[in-house]
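Naming convention: chains lettered A, B, ... in sequence-line order (proteins, then strands); numbering from 1 in each chain.
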Amino acid sequence: MAIKLYNTKFRKRVEFIPINESDVRMYVCGPTVYDRAHLGNARPVIVFDTLFRLLRYIYGLDHVTYARNFTDVDDKINATALARQQAGALGTLEDLIAERSDETIKWYLEDMAALGALEPTKMPRATQYVTQMIEMIEDLIAKGNAYEIEGHALFRVRSYPEYGSLSGRSVDDMIAGARVEVVPYKEDPMDFVLWKPSSDDQPGWNSPWGHGRPGWHIECSAMALDLLGGEFDIHGGGNDLMFPHHENEAAQSTCAGHEFANVWMHNEMLQVEGKKMSKSLGNFFTVRDLLKQGVAGEVIRLVFLMTHYRKPMDWTDAKRVEAHKMLNDWFVVLRKHGYSPKTVDKLKASGDWVADIELMGVLSNDLNTPGALARMHVLAKARTASGLVPLAHALEMLGLVSDWNVLDASSSQDDRMPDWVPVVIDRLIAERGAARASKDWGEADRLRDLLNTAGVQVTDVAGTASWLLGSGFNPVVLEGLK
RNA sequence: GGCGAGUUGGCGGAGUGGUUACGCAGCGGAUUGCAAAUCCGUGUAUAUCGGUUCGAUUCCGAUACUCGCCUCCA
């Protein structure tokens, strides 16, 4: 099956041809680990996780290498560590910095796992690759593409004529835009930092240019080279990274003599209720915040998949509700046709666990996840258990099911339901059943209205009543009936 | 100021040079003690103005509006 991907380099969709089909290689810029991941951080993770899953489906589970870094050289990490030290925390500053990075990485992996993201095959930390970064900088200096001055190593932008081609900018225009900071020691205002000196309260490494630390951009170039080689298939990240980060990566790596990435992919940004998420607007929240509110990770993921990755995505409460209903409806259909964790295992063992060709085709067209979801609605109309296999397969393939035990939980909104609630509800249902049996419709409806007011949805099928918690569940209404 | 992306029905959201997917909501029907749930059916859209074309929502240009990046904020 052929995949088409939009390559930022060419500004169009092109057929994806791997360098080596038995080892497809992808690099994605990971987080700076100074705090909990906010919702915007989740977008590239989900987008490229979906691509990772698609690539693994097509080329084989063991034939895709996905590297995503952790940037653990950063002023904010240092600031946190320093604050902790001043507050009396034990250990050296280096220890405290490492501690902060470790805990943030752990949070990140937990939160992303909750969103159904597989762990990348490689997760390098910048601090483990300083040697390689220094080597690369030395190489660039030797080749005349970089220079040392006042403890800094700077990339000589004018030495690379292609500079700006990835992000579609010209050096002259940018300078004309007058937003370039002029620093006296730079040969040219566009030149960017490869290495900079560290003060005593900052972490540092010894280098030919003195005690210091690497610039941000060189990290990714060095790690990608070490883990994926000089030429690899896909480089991904948010489109905010296109300039300067990716432009600089490409410049460094190309000048160092490497082909670097064949396909550049950029996801669009996230907004919240139509506005950019920012602390000043007060609409800033983390993935963990949502999970704590009881929004399932799979629901969050589905909201992301509802919008194509190259379009701005709006997180809204309405979409959260819609995604929840969508996912729940699919599980209801599967349960109705006898699906359980056991039947899924059986299907997989028997070789009947197959994908829908049309859906895979849609998904392969530049990761058209909304199109794939539309196809799933059609697949969900199947009237037989075997006919629903492609739907179940798609749910798992898109990371919307991490554990098929979801099929066992019938009315599963357990977290927000105190123990006494089902007891009260069952009693009211029983009373209503008695009223119905004696054709006391007034009383029966009064009880149902009461349950509805509490957000409990009552459903009569073939004479017996069942119930589900609706989105507006409010236990307070039932409190007095305990 | 420079560069880029976008504008599809009430809402969300795809594809496509030739009757506009799909979901939600709405409406009609079946079913129901009445509802709900379910099932069946159904109306409504390609920002504006030009151009190319037999034909444009799709290609090109302009206008308006929105958003992003240029400021280590993903």
Side-chain angles (χ1 to χ4, degrees), chain A residues 8 11 28-32 34 37-45 47 71 73-76 164 167-181 190 192-193 215-217 219 236-245 247-248 266-271 274-280 284 302-303 305-308 310-314 316 318-319 321-323 325-326 329-330 332-333 336 362 365-366 368-381 383 435-437 439-442 444-445 448-449 451-452 456-463 465-468 470:
Chain A
T8 304
R11 313 264 156 189
V28 173
C29 293
T32 300
Y34 66 92
H38 66 246
L39 194 63
N41 296 117
R43 193 160 193 205
V45 174
V47 165
T71 296
V73 180
D74 179 77
D75 289 342
K76 293 194 200 88
S167 54
R169 294 153 201 258
S170 86
V171 174
D172 294 327
D173 284 350
M174 282 186 276
I175 292 171
R179 299 251 181 149
V180 180
E181 186 192 8
M190 288 306 295
F192 58 87
V193 169
W216 175 36
H217 315 299
E219 296 175 7
N239 76 351
D240 56 326
L241 297 181
M242 200 156 84
F243 188 90
H245 186 52
E247 193 70 59
N248 292 356
H266 292 96
N267 62 272
E268 253 291 352
M269 299 292 101
L270 172 100
Q271 293 176 271
K275 299 214 164 120
K276 175 171 173 155
M277 183 166 79
S278 71
K279 287 181 178 167
S280 58
F284 183 95
L302 182 51
V303 171
L305 297 183
M306 281 162 64
T307 302
H308 186 84
R310 280 193 290 110
K311 290 207 170 174
M313 184 207 125
D314 201 11
T316 63
K319 272 194 201 171
V321 171
E322 187 181 346
K325 176 173 163 47
M326 211 186 271
D329 285 353
W330 284 330
V332 166
V333 170
K336 211 164 89 181
V362 170
N365 182 14
D366 197 29
N368 183 1
T369 52
L373 295 172
R375 179 65 186 159
M376 284 164 74
H377 288 298
V378 176
L379 295 174
K381 288 188 166 59
R383 287 285 161 271
R436 291 180 72 208
K439 296 198 191 301
D440 183 355
W441 307 127
D445 291 350
R448 186 175 61 202
D449 288 345
L451 286 164
N452 286 349
V456 180
Q457 183 192 89
V458 182
T459 304
D460 297 328
V461 177
S466 61
W467 56 272
L468 280 174

How far does the [atom1] atom of [N] sit from the matching atom of [M], given to the nearest Å?
| N | M | atom1 | answer |
| --- | --- | --- | --- |
| G15(B) | U8(B) | P | 14 Å |
| A21(B) | U31(B) | C1' | 30 Å |
| U16(B) | U20(B) | C1' | 8 Å |
| A45(B) | A56(B) | C1' | 16 Å |
| A35(B) | U42(B) | C1' | 23 Å |
| G13(B) | U46(B) | C1' | 13 Å |
| C24(B) | G61(B) | C1' | 37 Å |
| G1(B) | U63(B) | P | 13 Å |

Taking only residues two or more places apart in sequence, or in another chain, which ones meet [X] in a side-chain hydrogen bond (donor to acceptor under 3.5 Å, both in side chains)?
| X | answer |
| --- | --- |
| Glu268(A) | Asn239(A) |
| Lys325(A) | Asp329(A) |
| His245(A) | His217(A), Glu249(A) |
| Asp440(A) | none |

For [X], give me all partners under side-chain contact (heavy atoms from CB on, under 4.5 Å), at least two apart in sequence or on another chain.
| X | value |
| --- | --- |
| Arg436(A) | Arg432(A), Trp441(A), Ala444(A), Asp460(A) |
| Thr8(A) | Arg11(A), Leu166(A), Met242(A), Trp264(A), His266(A) |
| Asn267(A) | Arg43(A), Pro44(A), Val47(A), Phe48(A), Met269(A), Tyr309(A) |
| Lys276(A) | none |

Whole-Å distance between [N] [atom2] and [X] [atom1]?
| X | N | atom1 | atom2 | value |
| --- | --- | --- | --- | --- |
| Phe243(A) | G68(B) | CZ | C1' | 15 Å |
| Lys276(A) | G68(B) | NZ | P | 6 Å |
| His308(A) | C67(B) | NE2 | P | 22 Å |
| Asp314(A) | C11(B) | CG | P | 14 Å |
| Met269(A) | A74(B) | CE | P | 10 Å |
| Asn365(A) | A21(B) | CG | P | 18 Å |
| Asp240(A) | C67(B) | CG | P | 17 Å |
| Gln271(A) | G12(B) | CD | C1' | 15 Å |

Give one of base, sugar-phosphate or nothing for [X], where a contact means two heavy atoms less than 4.0 Å apart.
| X | value |
| --- | --- |
| Arg448(A) | base |
| Leu373(A) | nothing |
| Gly40(A) | base |
| Arg169(A) | base |
| Phe284(A) | nothing |
| Thr307(A) | sugar-phosphate |
| His245(A) | nothing |

Which pairs, protein N/O on one side and nucleotides 37-48 of chain B N/O on the other, fall under 3.5 Å?
none

Quick check: do Glu219(A) and Val73(A) have side-chain heavy atoms less than 4.5 Å from each other? yes
Between Asp366(A) and His308(A), is any pair of side-chain heavy atoms under 4.5 Å apart?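 The answer is yes; the side chains approach within 4.5 Å.
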Inter-residue atom distance Met313(A).CE - Lys319(A).NZ, 0.5 Å rounding: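 Rounded to the nearest 0.5 Å, the CE-NZ separation comes to 5.5 Å.
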Can you tell me how far apart CE (Met306(A)) and CE (Met326(A)) are? Round to the nearest 0.5 Å.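 One finds 4.5 Å between CE of Met306(A) and CE of Met326(A).
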Which atom of Val458(A) lies closest to which atom of Ala465(A), heavy atoms considered: CG1-CB, 4.3 Å
Side-chain donor/acceptor contact of Asn368(A) with base of G15(B) under 3.5 Å: no
Among C72(B), A14(B), C24(B), the one nearest any side-chain atom of Glu322(A) is C24(B)
Against the side chain of Lys319(A), the closest entry in C34(B), G23(B), G12(B) is G12(B)
For RNA chain B, list all stems, counting runs of three or more consecutive pairs where every pair is Watson-Crick or G-U wobble with both distances under 3.5 Å.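 Result, WC/G-U stems under 3.5 Å: B:1-7 with B:64-70, B:10-12 with B:22-24, B:26-30 with B:38-42, B:47-51 with B:59-63.
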Output a table of nitrogen or oxygen pairs between the protein and nucleotides 5-9 of chain B separated by less than 3.5 Å.
from  : atom 1 : to        : atom 2 : distance (Å)
U7(B) : OP1    : Lys311(A) : NZ     : 3.4

According to salt bridge (charged side-chain N to carboxylate O under 4.0 Å, His left out), who are the partners of Arg375(A), at least two apart in sequence or on a separate chain?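 With neighbours one apart ignored, the set is Asp356(A), Glu358(A).
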Could you pick out which residue, Asn239(A) or Gly168(A), lies toward the 5' side of RNA chain B when each is mapped onto its nearest nucleotide?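 In this pair, the answer is Gly168(A).
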